[in-house]
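In what follows, a structure is listed as structure tokens, so that the remarks can point back to it.
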Amino acid sequence: AMGKGNKGVKMSGTSMAGPHMAGVMALLKQAHPYLLPSELKSLVMGHALEIKDAKQAVYPLSRQGAGRVQTLEAVQGVLVSKTAAISLGEVSVDKQKMMMSSLSLT
């Protein structure tokens, strides 16, 4: 049983992230109707909050992705890119790896 009918139930995971992100993207599209979906995605990813543990250590990229969505910051964002993320190839989660890539902004 999920709940008692009069109390909230804490839920998480991809089944909760999907509807949450659909709502965030709908709000962004309403605020910026002229932007492409890839540009809206770049606003969300570019304004995400880094996730930290209880000791304030930042979780590795492999655990948090772009970070926690910040809808207001994304709506107020002014810098977008056609490519929201850059792939650095397959990275082993248990090893550190340093890479360099060039990015041109116009």
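In this chain, numbering begins with 1 at the start of the sequence shown. Quick note: numbers below take in every heavy atom, side chains included, and nothing from hydrogens, waters or symmetry partners.
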Problem set entry | Within one Ile-Leu-Val-Met-Phe-Trp-Tyr cluster: M45 and L27, side-chain cutoff 4.5 Å | no

Exercise. Is a side-chain N or O of K41 found less than 3.5 angstrom from the main chain of L36, in a donor-acceptor match?
Worked result: no

Seminar exercise, completed: Value for OG (S15) from NE2 (H20), rounded to nearest 0.5 Å, stands at 13.0 Å

Problem set entry | Shortest non-hydrogen contact between K55 and D53, atoms and distance | N-OD1, 2.8 Å

Problem set entry | side-chain contact (heavy atoms from CB on, under 4.5 Å), paired with V24, selected from L43, T71, L40 | T71

Problem set entry | Side-chain heavy atoms of V44 within contact of M21, under 4.5 Å | yes

Problem set entry | Within-4.5 Å side-chain heavy-atom neighbours: V58 and I51 | no

For this session: Determine, using the 4.5 Å side-chain heavy-atom cutoff (strictly less than), whether Y34 and M25 are members of one ILVMFWY cluster.
Result: yes

Exercise. Which atoms form the tightest heavy-atom contact between A48 and Q70, and what is the distance?
Worked result: C-NE2, 3.8 Å

